[in-house]
Amino acid sequence: MSLITPDFGLIVWMTLIFGIVFFILAKWGFPMITDSVRKRADRINSSIKAAKEAEERLRNLAAEQSEMIEEARKEQARILKEAAASRDRIVEQAKVQAQDEATKIMDHARTQIAAEKESAMRDIRKEVALLSVSVAEKVLKKDLEDSGSQAEFLDRLVDEISE
Amino acid sequence: MKKWIVILLSLLLPLALPAQEAQPVDDAPFDMDEYLYGHVRDSYEWHITTVKGKPVSIPLPVILISKNGGGFHCFSSKHLEEGEYKGFYIAPAGSKYENKIVERGAGGAEIRPWDFSVTKNVAGLLINCALLLFIVLGTASWYRKHDAVEEAPTGAVGVMEMLVTMVEDDIIKDCVGEDYRKYSPYLLTAFFFIFINNLMGIVPFFPGGANVTGNIAVTLVLALFTFFTVNVFGNKHYWKEILWPEVPTWLKVPIPLMPVIEVIGMFTKPFSLMVRLFANILAGHFMILGVVAVVFLTARMGLAINSGLSAVAVILGVFMDCLEILVAFIQAYVFTMLSAVFIGLSRQKPEVE
């Protein structure tokens, strides 16, 4: 058989066999393999992307965290400062209030004392007056036992009143 | 290194001796033509070896439809060994149909019947395709049974996956372009078909050894498949480029010079595919056969020359076989790549100006 003249029978067989093989492989062979590989490749790609995103997020998270800590520290300092200020203010206020209260109590006490003193003085005066009246009574009783001195005393009294 | 050469030579010596015995000194000189062409051409039976001058071969079915009213015939090729059978015989050397089955016409002239015999190449094709189907469908069944998204195959399936991925990513995706997935089954089939047939052609004994991809009928059909794939699915732009290319008008009218060249180009592309694969594989077979022939050619020159040159031939043969394995891959790769390029050209979109 000549090498460079294609044999008709072999062409027919080759067409038939290659056609069948192609049909079978194109239907059940290669698409199965290539699709699976493609799916896996897609999966790997998406996984890598997801991992990258997660890493990125993690990095952002760390930055966010440190930011939050910084903020918290600032807040702490602010609160501490405020607390100190408000403490000072409260103490100040309390001092003022105490002073006021003390003054009020002192005033009250003073007026009380004054009132007490007044009433005591009044009592004493009343007592003294009563005492002096009774002394005077007793003196008068003794002095006016005689009628002459009675008249004399009457006269003096009249004088005194009339003056 | 020296030690290894000595060991190799001593191993080869007994191999060289029977060759000398098989070719008696007083026998006719070694028939180089018959040796070379007998190995690469198609034949009606599968010759395996020759024991004591008697050929040992596997008979294959001969299927014929007579052209002079003899009807349909199907018989074993062993009937043809003795000579004529049912009016059919293998044309002798010197005939127009040398080594092919012929029948006698009305005028006594030899005519060729419709010959659909399962020849050595057809049988080889069937065996290789069965192997190809087994390998590819076996690989595909792994993906059917496993969740390929979650796990990757190992072993033989892994090798196949690597090859498939390589062909698809490196050749098909790059050369075809956008909608490459439509063409990837054909191109992958072509690649693995050629690759496995090339490899089986290098295997020197049954079931390998049939010179399938080194036969022009086989490469012709492969090239035709590519030709039809290119031209059936070619887009408008592709046909415009052929029939009305963008060249000065006087090249197209009145003599359609460029369209004619383009139309010729349509056919030369698959023709080059056909010849390239055929010639490369055939040449590879000739080279290996030629190197091995040294063993037989020197059989009459005495033991020393014979064994020495046989050792050289074996070393060269090993080298040639390695080269042919490489060529088997490269030719499959090139055929697939060029087919993909031609398909890609037929799918090209017009450039936006």
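Throughout, a chain's letter reflects where its sequence line sits, starting with A, and its residues are numbered from 1.
Comparing B:E151, B:R181, B:E168, B:E161 by how many heavy-atom pairs each has under 4.5 Å with chain A, the most go to B:R181. With respect to chain A, the highest number of heavy-atom pairs below 4.5 Å among B:V157, B:L133, B:L220, B:L224 belongs to B:L133. Between chain A and the residues B:S184, B:A190, B:S141, B:P185, the largest count of heavy-atom pairs under 4.5 Å involves B:P185. Among B:D147, B:V122, B:V40, B:L137, the residue with the largest count of heavy-atom pairs under 4.5 Å with chain A is B:V122.
Proximity to chain B among residues 19-55 of chain A is limited to A:G19, A:V21, A:F22, A:I24, A:L25, A:A26, A:W28, A:G29, A:F30, A:P31, A:M32, A:I33, A:T34, A:D35, A:S36, A:V37, A:R38, A:K39, A:R40, A:R43, judged by heavy-atom separations below 4.5 angstrom. The contact list for residues 270-282 of chain B toward chain A, using heavy atoms and a distance under 4.5 Å, reads B:F278, B:L282 by residue number.
Only the side chain of B:T165 comes within contact range of chain A, with heavy atoms under 4.5 Å apart. Heavy-atom distances place both the backbone and the side chain of B:V218 under 4.5 Å from chain A. Contacts of B:F193 with chain A are made by side-chain atoms alone, with heavy-atom separations under 4.5 Å and no backbone atom involved. B:N215 touches chain A through its side chain: at least one heavy atom from C-beta onward sits under 4.5 Å away, while N, CA, C and O do not. Both the backbone and the side chain of B:A152 come within less than 4.5 Å of a heavy atom in chain A.
Residue B:N128 holds its CG atom at 9.5 Å from CD1 of A:I17, rounded to the nearest 0.5 Å. Between the CG atom of A:D7 and the OH atom of B:Y97 there is a distance of 11.5 Å, given to the nearest 0.5 Å. Here the CG atom belonging to A:L10 is positioned 5.5 Å from the CG atom belonging to B:D42, to the nearest 0.5 angstrom.
Within 6.0 Å of CG in A:L157 there are more than 12 heavy atoms belonging to other residues, nucleotides or ligands. Within 6.0 Å of OH in B:Y37 there are 12 or fewer heavy atoms belonging to other residues, nucleotides or ligands. Taking a 6.0 Å sphere around CD of A:Q99, one finds it holds 12 or fewer heavy atoms contributed by other residues, nucleotides or ligands. Counted within 6.0 Å of CE on B:M166, heavy atoms from surrounding residues, nucleotides or ligands total more than 12; the atom is thus considered enclosed.
In terms of the side-chain hydrogen bond (donor to acceptor under 3.5 Å, both in side chains) criterion, residue partners of B:Y89 (sequence neighbours excluded) are, by chain and number, B:R104, B:E110. In this structure, the salt bridge (charged side-chain N to carboxylate O under 4.0 Å, His left out) partners of A:R78, at least two apart in sequence or on a different chain, are A:E75, A:E82.
Under the 4.5 Å side-chain criterion, counting only non-hydrogen atoms from C-beta, A:F18 is in contact with B:L222. Side-chain atoms of B:I63 and A:W13, non-hydrogen and from C-beta on, do get closer than 4.5 Å to each other. Contact check for B:I216 versus A:T5: no side-chain heavy atoms found under the 4.5 Å cut-off.
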